[in-house]
Number of protein chains: 2
Amino acid sequence: MAWNTAETKRRLKKSAVAEFAAHGLGGTTMERIARRAGINKERLYTYFGDKSQLFATVLADELNKVAAAVPLNDLDGPEAVAAYAAAVYDYHAEHPELTRLLLWEGLLDLPEVPDEASRTDYYRTKVAAFTRAQQANLISNDMPGADLAFLILALAGWWYAVPQMARMMHADDPATPDTARAALMRAARKLATPAV
Amino acid sequence: MAWNTAETKRRLKKSAVAEFAAHGLGGTTMERIARRAGINKERLYTYFGDKSQLFATVLADELNKVAAAVPLNDLDGPEAVAAYAAAVYDYHAEHPELTRLLLWEGLLDLPEVPDEASRTDYYRTKVAAFTRAQQANLISNDMPGADLAFLILALAGWWYAVPQMARMMHADDPATPDTARAALMRAARKLATPAV
DNA sequence: GTGGATCCCAACCCAAACGTTGGAGTTGGA
DNA sequence: TCCAACTCCAACGTTTGGGTTGGGATCCAC
C-alpha cells in the first residue's frame, strides 16, 4: 500500500482531538491516540513531537476553528444578537469536543495561548460588530461592546461548561436543550435591548 | 511528637484541593499531594481510599462549600439580583481553586456527581428564591426561575472558565476585574428587570 | 507497665505509559 | 539499477506513579 503522509497526519490529529477533548492532557495516553487512529505510536513523535507539543498543536488548530466558526453578520438589533447567541449554542451542541478543548485550555491557565494572535484577530472582528451596532444605536450601549459580546458567549457556553450544575439546578423541572435555548435567546435579546 | 489524625487529614485534604484544582484528576499525582502536605503517601490511601475516591471526597467537601458560600437573601428586586451576581463573582475571585474544581468536575462528565443530593437541595433553595421573587412580581418572570438563576451564574462564572477568551476579546481595551464586575452587574440587573 | 490498637514512614512492587530504536518496506531521482 | 530519503511498525528501555507492606513509634485501656 502506498504511503500517505498527509492522510496519516490527518487521522492522528483527528484521533488526538477526540482523546484530548474526552480526557484532557493528563488523562490522555499517546498509545490510545495511536490505536484509535490505527497508526503506530511512533508516528506521533516524529510528526508532532512529544505529548504536550501535540496538545498545543491540536489546540491551535481546532480552537482557531471555534473562534471562526459561527459567522456574525451585521447586528441590526437585539433580535440579531439573540439569533447569534442561539447559533453559538447550536455550535457547541454540534461540536462538543471543541467546547471541551476550550475549557481545558482555560484550566491550563497559560500566560499565552497557542496561536493567540490569530485568534485574537477573530475575536476582534466579533467585538467590532457589536461596537458598530452600538454606535448606530441598534443595540444597547450601556456597557462596552467587548463585555456585551463576552457575556453573550457566557450565556451560550455555560450549559456546556458545567452540565452538572445545569442538571442540579433544573432538578425539579428538567431543562431540555430546547428550553435552554429559548431561555438563552430571551436573555440575549434582553441584554442587547437598549434601555428605554 | 504526638499523633494528630485530624490535623493530618486536614493537611492532606488541603493539599489535595490545591493539586486537583491546579492539575485536575489526571494531571495530579498522589505523590505530589503527599509531598506538598509533608505527609507520607500511604496516609492518603488509608484515610481516603484510592485516587478517584479522594477526588470525589474533595469535590464533595469543597463544592458543598461553594454552594453554601454565597448567601442569597430574599430577592426584592433587580438590584438584589445584581448584588448577588457580584457576590458570586467576588467569591470566585477569592477562591479560584473551587471554581476550577467545579469546571473539572464538569469536564469529567459523570452521570452523577459526588454528593449530588445535598448539592441539588442547595441549588433548589437558590432557585426557589428566584421563583418566589418572580411570583411576587419583583423581578422578571419571562423565563423559568431556574433558567434565570442559572444564567446569572453563567455571567459571573464565565470569566473564570475561559480566562483566555476574556483576555483575547478584551485585547484592545483590557478588562480589569472591576470593569468586568461592573458589566456583570449591569447585565444581571437587566436580566432581572421585568419588561415594561 | 503491658498489650493491643493506631499512627506514620521508608521502601518496595508492578503496571502503565512516555519516548526510542532498529529494521523492513516504499518511493523517486541520478 | 542503485541508493538516499522517507514511511511505518514491533519491540524495547526507562521513568512515572498508583498502590502495598513491614516495621518502628506512640497512645490508651486495663
Side-chain angles (χ1 to χ4, degrees), chain A residues 1-61 100-101 104-105 107-108 110 114, chain B residues 1-62 97 100-101 104-105 107-108 110 114:
Chain A
M1 186 174 60
W3 303 141
N4 192 338
T5 311
E7 173 65 10
T8 298
K9 284 187 185 173
R10 204 193 54 76
R11 272 163 59 196
L12 285 173
K13 226 158 34 176
K14 184 176 168 196
S15 169
V17 169
E19 289 291 328
F20 281 133
H23 310 295
L25 176 60
T28 295
T29 77
M30 298 295 264
E31 183 68 41
R32 287 176 50 116
I33 293 175
R35 203 168 46 237
R36 171 191 280 251
I39 307 273
N40 189 276
K41 189 172 55 158
E42 176 267 356
R43 286 290 88 190
L44 284 170
Y45 290 95
T46 54
Y47 288 146
F48 302 106
D50 68 13
K51 187 169 156 183
S52 49
Q53 279 175 279
L54 173 59
F55 190 61
T57 301
V58 164
L59 281 182
D61 272 30
R100 295 169 61 88
L101 285 178
W104 252 309
E105 184 187 53
L107 282 168
L108 283 185
L110 308 164
Chain B
M1 186 174 60
W3 302 142
N4 191 339
T5 311
E7 173 65 10
T8 297
K9 285 186 186 172
R10 205 193 52 76
R11 272 163 60 195
L12 285 173
K13 227 161 26 179
K14 185 176 167 195
S15 170
V17 169
E19 290 290 329
F20 280 133
H23 310 294
L25 176 59
T28 294
T29 77
M30 298 295 265
E31 182 68 41
R32 286 176 50 121
I33 293 176
R35 204 169 45 238
R36 172 191 280 249
I39 307 272
N40 189 277
K41 190 171 56 157
E42 175 268 356
R43 286 291 88 189
L44 285 170
Y45 290 94
T46 54
Y47 287 146
F48 302 106
D50 67 14
K51 186 171 160 183
S52 50
Q53 279 176 280
L54 173 59
F55 189 63
T57 302
V58 163
L59 280 182
D61 273 30
E62 296 300 312
E97 337 80 59
R100 295 170 60 88
L101 286 178
W104 251 307
E105 184 186 56
L107 282 170
L108 283 185
L110 308 164

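Convention: sequence-line order gives letters A, B, ...; per-chain numbering from 1. Keep in mind that the numbers below use all heavy atoms, side chains included, and drop hydrogens, waters and symmetry copies.
With sequence neighbours excluded, the residues that form a side chain to side chain contact (heavy atoms under 4.5 Å, CB included) with A:L25 are A:F20, A:K51, A:F55. Residues forming a salt bridge (charged side-chain N to carboxylate O under 4.0 Å, His left out) with B:R100 (at least two apart in sequence, or on another chain): none. Remark: A:A60 engages A:P114, A:D115 in a side chain to side chain contact (heavy atoms under 4.5 Å, CB included) (not counting sequence neighbours). With sequence neighbours excluded, the residues satisfying side chain to side chain contact (heavy atoms under 4.5 Å, CB included) with A:S52 are A:D50. Under the side chain to side chain donor-acceptor pair (under 3.5 Å) criterion, A:E7 pairs with A:R10, sequence neighbours left out.
Atom-to-atom, CZ of A:F55 to C1' of C:dC18 comes out at 17 Å; the value is rounded to the nearest Å. Whole-Å rounding puts the A:I33 CD1 to C:dG19 C1' distance at 13 Å. We find that CG of A:N4 is positioned 11 Å from P of C:dT27, with the value rounded to whole Å.
Taken from CD1 in B:I33 to OG1 in B:T28, the straight-line distance is 5.5 Å, to the nearest 0.5 Å. Here B:R43 contributes atom CZ and B:T8 contributes atom OG1; the two are 8.0 Å apart, rounded to the nearest 0.5 Å.
Heavy-atom distances under 4.0 Å link DNA chain C to no residue of residues 8-20 of chain A. At a non-hydrogen distance threshold of 4.0 Å, B:T28, B:T29, B:M30, B:E31 from residues 24-31 of chain B come into contact with DNA chain D. Within residues 36-54 of chain A, the residues that have a heavy atom under 4.0 Å from DNA chain C are, in order of number, A:K41, A:E42, A:Y45, A:D50, A:K51.
Closest of all the heavy-atom pairs between A:L12 and A:A34 is CD2-CA, 4.4 Å.
For residues 11-31 of chain A, the pairs satisfying salt bridge (Lys or Arg N to Asp or Glu O under 4.0 Å) are A:K13-A:D61, A:E19-A:R32, A:E19-A:R36, A:E31-A:R35, A:E31-A:K41, with sequence neighbours left out. For residues 26-49 of chain B, the set of pairs meeting the ring pair (Phe, Tyr, Trp, His ring centres under 6.0 Å) definition, not counting sequence neighbours, is empty.
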